[in-house]
Amino acid sequence: MADTNFINGTVIEPAWLNDVNDAVYTTLPAVYTNLADTSNASMGDALIGVKRTDTGAVATTQHALNERTILNVMDFGAVGDGVTNDAAAIQAAVDAANAMGGGTVEFPDGKTFKYTSAIDMKQGVNVVGRGYGSVLAPTACSAFTFGFTTGFGNSVIDNLRIEASTGTSQIGIYQAGTLNNADELYGITISNCLIRGFNIAIKFRTVRNVSIFNNWIQDCNSGIHLIGQCLVINIFGNKLVFASGSGSGTQYGIYTDYFNYTSGSGNVRPETVCIQRNIIYGYTNAIAFTGVVFGTVRDNDIQATGVGVFWSTAAAPITIDSNYIQIAGASATFAVYGGPESSALDSGIVVINNHINAVSTTAGTSVGVKLGDNSNGNQDNVRVENNSFLGFTLYDIAFYKSGHITVRGNSCYSTGVTASIFCTSLAANCPSYIYENDCYLGITADSTDIASSLVQIGKNIINQTTTDYGNVGDSGWLTPTFAAGDYVGTGAMTWTVASGDVEVMRYRIQGKTMTVNVILTTTTVGGTVNSPLKFKIPASNSVSKRAINPCHILDNGTRLVAYLEVNPTDPTYINVAKADDSNWTLSTDNTYVRGQIVFEIV
């Protein structure tokens with residue numbers, strides 16, 4: 001039986017198809033040609049209509065549908081054989097995604113894409129892989145650079161294995177920035193990537209709202225560098241392992257520092273850097289906070305061969321909380337180190353709830369927490385509380401030429417130290433306090449500092465025996481009498497707090513140190529919005545020195561990070577302000593405050 005053919009529902013007899021003069025037949029080659037035409041946007045897949053079966057779906061063309069899909073680098077000529085230079089093809093895919101107004105470029109699984117010039121990221125472009133089987137092999141170049149310098153980057157680098165070839169002088173993911181801090185990128189995410197074999201894995205200058213999470217950084221001389229105006233940076237859930245690190249220079253797991261913007265605002269430093277739940281292993285310096293403002297190091301597992309966590313010229317508040325910090329090896333010196341400053345630094349550092357230990361360090365050299373040194377100190381307003389220490393060979397805690405240091409509630413169990421806690425040559429008119437610690441060995445302080453009350457030593461346990469040095473008083477926890485007038489706004493803003501809104505308001509005075517805990521709920525903000533909200537320091541006390549500490553708020557129901565602050569310029573109030581110092585929002589029974597602040601009183 002002869003075959004039956006159809007065109008638009010009409011039966012076409014086989015004999016007609018052999019008739020070259022038939023009008024129906026002569027239109028067929030044009031249809032085929034138009035469908036195969038890839039040079040004209042109105043031909044090819046633009047002639048094919050598609051519509052989803054879902055309710056509300058509208059008709060479109062296959063061409064429009066293709067334009068909305070992920071771009072695969074193979075469609076732009078990438079080979080992925082690990083030999084061919086795929087730089088031009090990958091860059092073409094990134095440029096095409098940017099030309100679409102933003103899109104995603106995909107690297108398929110089971111391919112190795114070699115390239116010899118860095119991929120220049122574009123605004124609104126994401127580059128993604130299918131896991132560690134999507135291998136990028138930049139050769140003697142960076143993997144990605146951010147060449148555009150302003151605007152919302154909205155860029156994601158995700159789920160890739162980035163293996164440098166001859167990358168010992170290269171930076172894996174690099175935003176060089178400019179000499180003007182007004183040239184700022186927003187919104188960059190690096191996630192789920194293996195980054196290996198570079199001198200520095202990730203380096204940014206002049207960025208805001210960056211998330212670096214769930215990456216594995218391996219065999220790089222340094223992990224992450226944040227230089228200059230790097231604002232609101234979240235680094236969490238990463239594994240950074242030095243192992244056989246590539247490249248040269250000082251080894252850092254995570255490093256921050258100033259940058260001098262000669263065409264902009266001059267020296268600017270990173271701000272609001274959160275380092276949380278990372279594993280940082282094997283670097284000489286695990287974390288170095290130079291010049292950072294609002295830094296947090298929390299819930300990390302840290303092992304370093306030199307210094308665990310370091311800060312210098314840092315500004316309040318920095319919180320080092322609930323970490324496991326170990327230094328190991330003959331060259332290891334300090335687990336937590338506040339470097340010597342040329343002038344008094346109101347650092348506002350809190351070192352709390354950490355397990356701090358040393359393994360195989362040189363006798364007479366290693367210290368758990370060290371503030372300043374014999375040549376210079378000037379660390380000021382530092383709290384070292386509720387930490388445990390083991391294995392150090394010189395001191396568990398030591399501070400030099402510094403002031404307003406509180407050492408409280410620590411378990412100092414190192415057996416090979418000269419003294420569990422040591423201090424010397426303390427700053428005038430800046431009393432420090434040592435009390436409620438459990439020490440294997442004694443507490444050593446200069447007799448002149450003790451006589452002049454520059455160090456006040458209260459009740460401590462020394463080798464299982466309670467010793468009361470007797471010059472630190474302790475009020476215990478007290479609750480002040482409620483007064484609605486103690487809660488005020490700024491300017492024409494009002495703050496209405498009822499007695500039932502005060503879940504917690506208590507204070508404790510130990511020597512000249514006052515601690516205030518506060519939980520306020522269902523309060524009301526009225527009048528003309530302003531900042532900050534304020535409440536009276538309990539018991540008619542006045543602050544002698546500025547202090548600041550993070551807190552949590554609900555601003556008309558929106559959960560935000562904020563801070564509590566005291567300042568001698570307004571000596572009888574505790575201020576409550578948002579982290580960005582913006583105005584509060586008007587609310588009815590929907591403003592909450594929860595936090596704690598420790599400060600020096602007159």
Side-chain angles (χ1 to χ4, degrees), residues 73 78 80 82-91 93-94 105 107 111-122 125 127 129 132 134-149 153 155-178 185 188-207 210 212 215-228 230 235 238-257 259 280 282-285 288:
V73 293
V83 178
T84 303
N85 185 359
D86 288 323
I90 298 170
Q91 190 63 59
V94 169
V105 174
F107 293 83
K111 297 288 185 179
T112 297
F113 298 92
K114 174 187 173 181
Y115 52 96
T116 58
S117 57
I119 304 307
D120 185 17
M121 289 292 288
K122 299 297 176 69
V125 175
V127 292
Y132 290 173
S134 300
V135 181
L136 305 189
T139 303
C141 65
S142 294
F144 297 100
T145 57
F146 288 83
F148 61 105
T149 56
S155 293
V156 175
I157 299 173
D158 180 60
N159 221 21
L160 291 163
R161 178 178 175 181
I162 306 172
E163 293 261 9
S165 177
T166 60
T168 56
S169 63
Q170 305 298 327
I171 299 169
I173 299 172
Y174 186 31
Q175 187 253 352
T178 70
L185 292 188
I188 297 171
T189 298
I190 303 169
S191 56
N192 304 306
C193 291
L194 167 61
I195 305 173
R196 186 175 185 183
F198 294 94
N199 191 44
I200 303 171
I202 299 169
K203 184 176 182 179
F204 285 122
R205 185 174 80 206
T206 326
V207 292
V210 172
I212 302 171
N215 300 285
W216 177 11
I217 296 174
Q218 177 79 28
D219 299 336
C220 295
N221 191 65
S222 281
I224 300 168
H225 284 202
L226 304 172
I227 309 299
C230 295
I235 303 170
N238 303 281
K239 180 167 64 175
L240 298 88
V241 181
F242 177 77
S244 56
S246 299
S248 59
T250 305
Q251 302 167 19
Y252 294 102
I254 299 171
Y255 173 72
T256 72
D257 203 353
F259 183 77
I280 306 172
Y283 295 89
T284 303
N285 305 281

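Atom set for the values below is all heavy atoms of this structure, side chains included, hydrogens, waters and symmetry mates excluded.
Atom CD1 in Ile280 sits 8.0 Å away from atom CD1 in Ile224 (nearest 0.5 Å). Distance SG/Cys193 to CG/Asn159: 7.0 Å, rounded to 0.5 Å. The distance from the CG atom of Asn238 to the CD1 atom of Ile254 is 7.5 Å, given to the nearest 0.5 Å. Rounding to the nearest 0.5 Å places CD1 of Ile90 at 8.5 Å from CG of Asn85.
When side chains are defined from C-beta on, Thr112 does not count as touching Glu163, because their heavy atoms never get closer than 4.5 Å. For the pair Ile212 and Phe204, the minimum side-chain heavy-atom distance is below 4.5 Å. Annotation: side chain of Met121 is in contact with side chain of Ile157 (closest heavy-atom distance under 4.5 Å). Inter-residue side-chain proximity for Ser246 and Thr168 is flagged as met; some heavy-atom pair is nearer than 4.5 Å. Inter-residue side-chain proximity for Ile235 and Leu226 is flagged as met; some heavy-atom pair is nearer than 4.5 Å. Considering only heavy atoms from C-beta on, Asp86 stays 4.5 Å or farther from Val73 through its side chain. Annotation: side chain of Ile162 is in contact with side chain of Pro138 (closest heavy-atom distance under 4.5 Å). Looking at heavy atoms from C-beta onward, Ser155 lies in side-chain contact with Phe146 at the 4.5 angstrom threshold.
When every heavy atom of Arg161 is checked against every heavy atom of Tyr132, the shortest pair comes out as CD-O, 3.2 Å. Across all their heavy atoms, Cys141 and Phe198 have their closest contact at O-CE2, 3.9 Å. Contact detail for Val94 and Val125: the closest heavy-atom pair is O-CG2, 3.7 Å. Taking each heavy atom of Ala78 and Ala89 in turn, the nearest pair found is N-CB, 3.3 Å. Scanning all heavy atoms of the two residues, the minimum distance from Arg205 to Thr178 falls at NH2-O, 3.3 Å.
In this structure, Asn221 contributes its side chain and Gly249 its backbone to a donor-acceptor pair below 3.5 Å. Remark: side-chain polar atoms of Ser142 are not paired, donor with acceptor, to backbone N or O of Ala118 under 3.5 angstrom. Checked by atom type and distance alone, the side chain of Asn215 never pairs as donor or acceptor with a backbone atom of Ile217 at under 3.5 Å. When atom types are taken as modelled, the side chain of Thr139 and the backbone of Ala137 share a donor-acceptor pair closer than 3.5 angstrom. Although no hydrogens or angles enter the test, the distance criterion places a donor-acceptor pair under 3.5 Å between the side chain of Gln175 and the main chain of Thr206. For Asn285 (side chain) and Tyr252 (main-chain N/O), no donor-acceptor pair under 3.5 Å exists by modelled atom type.
Pairs passing the side-chain hydrogen bond (donor to acceptor under 3.5 Å, both in side chains) check and including a residue from residues 188-197, sequence neighbours excluded, read Asp158-Ser191, Asp158-Asn192, Asn192-Asn214, Arg196-Asp219. Residue pairs meeting the salt bridge (Lys or Arg N to Asp or Glu O under 4.0 Å) criterion with at least one partner in residues 241-257, sequence neighbours excluded, are absent.
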Exercise for review: Would you sort out whether Ser169 and Asn199 count as a side chain to side chain contact (heavy atoms under 4.5 Å, CB included), showing the intermediate values?
Suggested key: CA-CA 5 Å; Ser169 63; Asn199 191 44; 5.6 Å; no
Practice item. Any chance you could lay out the side chain to side chain contact (heavy atoms under 4.5 Å, CB included) test for Val135 and Phe107, step after step, and finish with the verdict? Key: CA-CA 8 Å; Val135 181; Phe107 293 83; over 6 Å; no
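Every residue meeting the side chain to side chain contact (heavy atoms under 4.5 Å, CB included) condition with Lys111, not counting sequence neighbours, appears here in chain and number order: Met74, Pro108, Phe113.
Looking at Ile200, Thr250, Ile171, Ile202 one by one, the single match for side-chain contact (heavy atoms from CB on, under 4.5 Å) with Ser222 turns out to be Ile200.
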